[in-house]
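Computed over heavy atoms, backbone and side chain alike; hydrogens, waters and symmetry mates excluded. Values in this document were obtained by computation on a predicted structure and should not be read as measured data. The sequence lines fix the lettering, A, B, ..., with proteins before strands; numbering per chain opens at 1.
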There are 2 protein chains.
Amino acid sequence: MAQEAEDDGAQTFLLTAGEAEATVGYKLRLAQILAFRAFEEKLSDRGRAPRYLGLLAIIRNHPGQPQSRLAEAVALRRSSLVTILDILAGEGLVERRPVRGDRRSNGIWLTKMGSRVVDELLAESRRHDAMLTEGLSQEEVGAALRALDRMILNMRNAEGG
Amino acid sequence: MAQEAEDDGAQTFLLTAGEAEATVGYKLRLAQILAFRAFEEKLSDRGRAPRYLGLLAIIRNHPGQPQSRLAEAVALRRSSLVTILDILAGEGLVERRPVRGDRRSNGIWLTKMGSRVVDELLAESRRHDAMLTEGLSQEEVGAALRALDRMILNMRNAEGG
DNA sequence: CCTGGATTGTTCGATGTCGAACAATACGGC
DNA sequence: GCCGTATTGTTCGACATCGAACAATCCAGG
């Protein structure tokens, strides 16, 4: 009966907080919040590109895709992407172009500046990854990546079904 | 030069989106968004407890902790936790009690109902985890958990220093 | 003691994401 | 060709989280 507050040192508390019941989902969340926040803070002088680097990288690898497809790729909503693309277009990183054969949709493309910014930020991103996975072996990192891929796949397959 | 939009099927696009440049940080984010969203949607009829299950579990394991300590444990800000605890207290899951010896801080405790709700939701959470990690072996899940722990540790050590 | 700096909870305005709606456009079955 | 249904981008109001400020309280050094 823990009717009395425990007297952990702060360190011990943080390390063991929720440990007993901690699930993959929970640790996933914690790690993501901390990693994402740190990355954004480190690059707070580069506009909003760091936050949307994933999106920008996808646009570079798959230029001309419609917004709806991009939204699905980064697991955000169609409606959220509107504002995001407005911002990125406002910063001159991205362009909406008409798509021949479908007057509903826009194709999204990187500008030259956008392409350059993505290059720079991907380098930063790799440095950040190194910090994030410090103390893990190549094999462990690889295994974690494969596990994450599988989780992403599992959740995508479950979506809307 | 990919000046022409590619003609992936939607499946292929999703699977390979950003694959070339994908970092641990990015996949972490994607997996977390999808997993968290699915968990919340599945339990949309249980108030706001699902979203804050991690917090509630920590309160159960470490009753009587001050808000600031809890905020750090779940990687949210002190100011954010105020609203959250207001809500959880409003739903009757949590109580603020005065702390003897420090009139600034509150100790946070689960109510009986809160404790019951946490039990139920932790069971749901384990089921959700099973879905999330489907297709991964016990060893792979264990390795992923250890990797996540390490990443959390790394980011915490880097914080503010 | 007592005074200056830290810590705690709180408020408040700013920003990001969401879901539900909508108009414009595409498309399949007839 | 025509019509019902899907899809696309968009707007709008709701909500979650943030950072900066603040008052109350604690505490360490003189």
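Scanning both residues, A:Pro63 and A:Trp109, for their nearest heavy atoms gives CB-CE3, 3.6 Å. Here the closest non-hydrogen pair linking A:Val141 and A:Thr133 is CG2-CB, 3.8 Å.
Residue A:Asn106 forms a side chain to side chain donor-acceptor pair (under 3.5 Å) with just one option from A:Gln65, A:Gln67, A:Glu95, and that option is A:Gln67. The only member of B:Arg29, B:Met155, B:Met151 that meets side-chain contact (heavy atoms from CB on, under 4.5 Å) when paired with A:Gln32 is B:Arg29.
Interface limits on DNA chain D: the 5'-most and 3'-most nucleotides within less than 4.0 Å of chain B heavy atoms are D:dA16 to D:dC26.
Classification of A:Arg46 and A:Glu120 as a salt-bridged pair holds, one side-chain N sitting under 4.0 Å from a carboxylate O. A salt bridge between B:Glu72 and B:Arg69 is absent, with no side-chain N of the basic residue lying under 4.0 Å from a carboxylate O of the acidic one. The pair A:Arg37-A:Glu40 does not count as a salt bridge, with every side-chain nitrogen at least 4.0 angstrom from each carboxylate oxygen.
Between the side chain of B:Arg77 and the backbone N or O of B:Ala71, no donor-acceptor pair lies under 3.5 Å. Remark: side-chain polar atoms of A:Ser115 are not paired, donor with acceptor, to backbone N or O of A:Lys112 under 3.5 angstrom. No donor-acceptor pair closer than 3.5 Å links the side chain of B:His62 to the backbone N or O of B:Leu70.
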Could you list the protein-to-nucleotides 6-8 of chain C atom pairs, N/O on both sides, closer than 3.5 Å?
residue: C:dT7; atom: O2; partner: B:Arg104; partner atom: NH1; Å: 2.6

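If one axis is set at each end of the helix from C:dC1-D:dG30 to C:dC30-D:dG1 from five pairs, those axes are 30° apart, to 10°.
B:Arg51 has its side chain out of reach of B:Ile87: every pair of non-hydrogen atoms, C-beta onward, lies at least 4.5 Å apart. Using a 4.5 Å heavy-atom threshold, the side chains of A:Leu110 and A:Val94 count as touching. Looking at heavy atoms from C-beta onward, A:Pro66 lies out of side-chain contact with A:Val99 at the 4.5 angstrom threshold.
Taken residue by residue, residues 34-53 of chain A places heavy atoms nearer than 4.0 Å to DNA chain C at A:Arg48, A:Arg51, A:Tyr52. Shown for residues 80-88 of chain A: residues whose heavy atoms fall under 4.0 angstrom of DNA chain C, namely A:Ser80, A:Ile84.
Hydrophobic clustering places B:Val24 together with B:Ile152 (ILVMFWY residues linked when any side-chain heavy atoms are closer than 4.5 Å, directly or through intermediates).
Between A:Arg96 and B:Leu76, the residue anchored nearer the 5' end of DNA chain D, judged by the nucleotide with its closest heavy atom, is A:Arg96.
Screening residues 78-87 of chain A for side chain to side chain donor-acceptor pair (under 3.5 Å), with sequence neighbours left out, gives A:Asp86-A:Arg96.
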